[in-house]
Amino acid sequence: MKNNSFLYSAKGICTAAFLSLNTIVYAQKTADISTISEKTLNTILEKNRAYYTQGKVADYIPELGKMDAKAIAFSVVDKNGKVFNSGDVSKKFTMQSISKIISLMVAVNEKGEAHIFDKMGYFGSDKPFNHFSNLETTGKPLNPMMNAGAILTTSLISGDGEKPFLKILDMVRYITKNQTIEYNKSVYESEKATGHRNRGMFYIMKNSGLISGNEDQLDNYFKQCSIELTAEDLAKIGYFFANQCVRFDGDAAYKNADMAKLVESQMLTAGMYEFSGEYSRTVGLPSKSGVGGGITVSVPGKIGIGVFSPSLDQHGNSLAGYHMILDLAKQYGLSIF
């Protein structure tokens, strides 16, 4: 009996050792995140450059349709705040829906999370970004990442005229440490002229009492979507939320772990629209896309990623951008799952 017990114990120890060894070997399959370099980014970018041929530049906003489909950029800000760039890193593009995470932060900082989410949900969605969703039934947007929720979020920021927009712009400038960032007036005018669907959402929410102001509030939303920046700026935004709202240079003026969790959770559940569920499975990182071709990514507690390629898939997400992020996440085991 004692011999049997010994054999069982020995077998258990061997099994445990085997499993531990397998775990170590598996862990070694992913590269050390500290080895990320511009060479890494160049390799991944060139591998995925051709994906632009499978998508389409957004043209429902006429000015966006003028973007060069071949343009591509890849940027990472590492844990120490060092920036690595590849591709057309000086190419500017508009934030579009990526601005929604900034307006959410500004609104919650001012009014508190309970006040903002009393008027909308935390839900994910299986509908496109510009879907009316449940506005006609409950009157409330599903989340602040869809257009309806983002329009409402911006309307809740205090101030007359364009003051709410200027608060969003100032926050983008602060996070990126780039005071030259402005909004593209031609894109703004184009969005305003063609934004009838967004206008419909605005008036449904006004009718239900969620919005009390006039179309100046909608203009602020059009302006925030028209803010122009680069892939590097997006990487810095990703870093900011990945590191408890501490800027890439260590400035902790807005440090707030709870705010970072709120924004990152919304990015994870709704940041890629109806593709968010599949994206969580494949990439597994809080991310926010925009139809201008950009995606910002937060790797919690670690790095920020920014990509740009204006050719979009059927969901409105950058095709080459998605594949660059996917390859980086796989190579370095970045998924939070």
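Scope of the values below: all heavy atoms of this structure, side chains included, with no hydrogens, waters or symmetry mates.
Between Phe129 and Tyr273, the two ring planes are tilted [angle within 30° to 60°]. Ring geometry for Tyr322 against Tyr279 counts as tilted: the plane angle lies between 30° and 60°, on a 0 to 90° scale. Taking the six-membered ring where the residue is Trp, His323 and Tyr51 present parallel rings, their angle staying beneath 30° rather than reaching 60°.
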Start with the C-alpha gap between Glu63 and Ser190, add the side-chain angles, then the distance that decides, and say whether side-chain hydrogen bond (donor to acceptor under 3.5 Å, both in side chains) holds. CA-CA 6 Å; Glu63 281 296 313; Ser190 189; 5.4 Å; no
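Under a 4.0 Å N-O distance rule, the pair Arg173/Glu182 qualifies as a salt bridge. Of the charged side-chain nitrogens involved, none lies within less than 4.0 Å of a carboxylate oxygen, so that Arg281 and Glu278 do not count as a salt-bridged pair. A salt bridge does not link Lys185 to Glu189: none of the charged side-chain nitrogens sits closer than 4.0 Å to a carboxylate oxygen.
Within 6.0 Å of CG in Asp249 there are more than 12 heavy atoms belonging to other residues, nucleotides or ligands. Taking a 6.0 Å sphere around OH of Tyr254, one finds it holds 12 or fewer heavy atoms contributed by other residues, nucleotides or ligands. At most 12 non-hydrogen atoms from other residues, nucleotides or ligands lie less than 6.0 angstrom from CZ of Phe123. Around atom NZ of Lys92, no more than 12 heavy atoms belonging to other residues, nucleotides or ligands sit under 6.0 Å away.
Proximity of a side-chain donor or acceptor of Asn256 to a complementary backbone N or O of Met259 within less than 3.5 Å is detected. A donor-acceptor pair under 3.5 Å is formed between the side chain of Ser311 and the backbone N or O of Lys56. With hydrogens and angles disregarded, a donor-acceptor distance shorter than 3.5 Å links the side chain of Thr40 to the backbone of Ser37. Of the possible polar contacts, none joining the Ser226 side chain to the Tyr183 backbone as a donor-acceptor pair under 3.5 Å is found. Judged by distance alone, the side chain of Thr154 and the main-chain N or O of Ile151 form no donor-acceptor pair under 3.5 Å. Side-chain N or O atoms of Asn207 include none that pairs as donor or acceptor with a backbone N or O of Tyr203 at under 3.5 Å. In terms of modelled atom types and a separation under 3.5 Å, the side chain of Thr30 and the main chain of Tyr332 share no donor-acceptor contact. In terms of modelled atom types and a separation under 3.5 Å, the side chain of Asn85 and the main chain of Ser75 share no donor-acceptor contact. In this structure, the side chain of Lys79 does not engage the main chain of Lys302 through any donor-acceptor pair within 3.5 Å. In this structure a side-chain-to-backbone donor-acceptor pair under 3.5 Å is present from Asp233 to Thr230.
Here the shortest heavy-atom pairing between Ser289 and Asn317 reads OG-OD1, 2.6 Å. Here the closest heavy-atom approach between residue Gly271 and residue Lys288 is recorded as O-NZ, 3.0 Å.
Under the 4.5 Å side-chain heavy-atom criterion for ILVMFWY residues, no single connected hydrophobic cluster contains both Tyr239 and Phe74. In the hydrophobic clustering of ILVMFWY residues, with side-chain heavy atoms under 4.5 Å counting as a link, Ile101 and Ile116 come out together. Linking Ile, Leu, Val, Met, Phe, Trp and Tyr whenever their side-chain heavy atoms come within less than 4.5 Å leaves Ile227 and Val187 in two separate clusters. Residues Met145 and Tyr122 are members of one and the same hydrophobic cluster, defined by side-chain heavy-atom contacts under 4.5 angstrom among Ile, Leu, Val, Met, Phe, Trp and Tyr.
Between Pro144 and Met120 the shortest side-chain heavy-atom distance falls below 4.5 Å. Val83 has its side chain within reach of Lys236: a pair of non-hydrogen atoms, C-beta onward, lies under 4.5 Å apart. Side-chain contact between Val172 and Ser99 is absent, with no heavy atoms from C-beta onward closer than 4.5 Å. Here the side chains of Lys177 and Asp251 are not in contact, with every heavy-atom distance at 4.5 Å or above. With a 4.5 Å cut-off on side-chain heavy atoms, Gln266 and Lys100 do not count as touching.
Every residue meeting the side chain to side chain donor-acceptor pair (under 3.5 Å) condition with Ser34, not counting sequence neighbours, appears here in chain and number order: Asp32.
Cation-pi geometry between Lys223 and Tyr188 is satisfied (NZ or CZ under 6.0 Å from the ring centre, within 45° of the ring normal). Cation-pi geometry between Lys192 and Phe222 is not met: the NZ or CZ atom fails to fall both under 6.0 Å from the ring centre and inside 45° of the normal.
A donor and an acceptor atom, one from each side chain of Lys206 and Ser155, are nowhere located under 3.5 Å apart.
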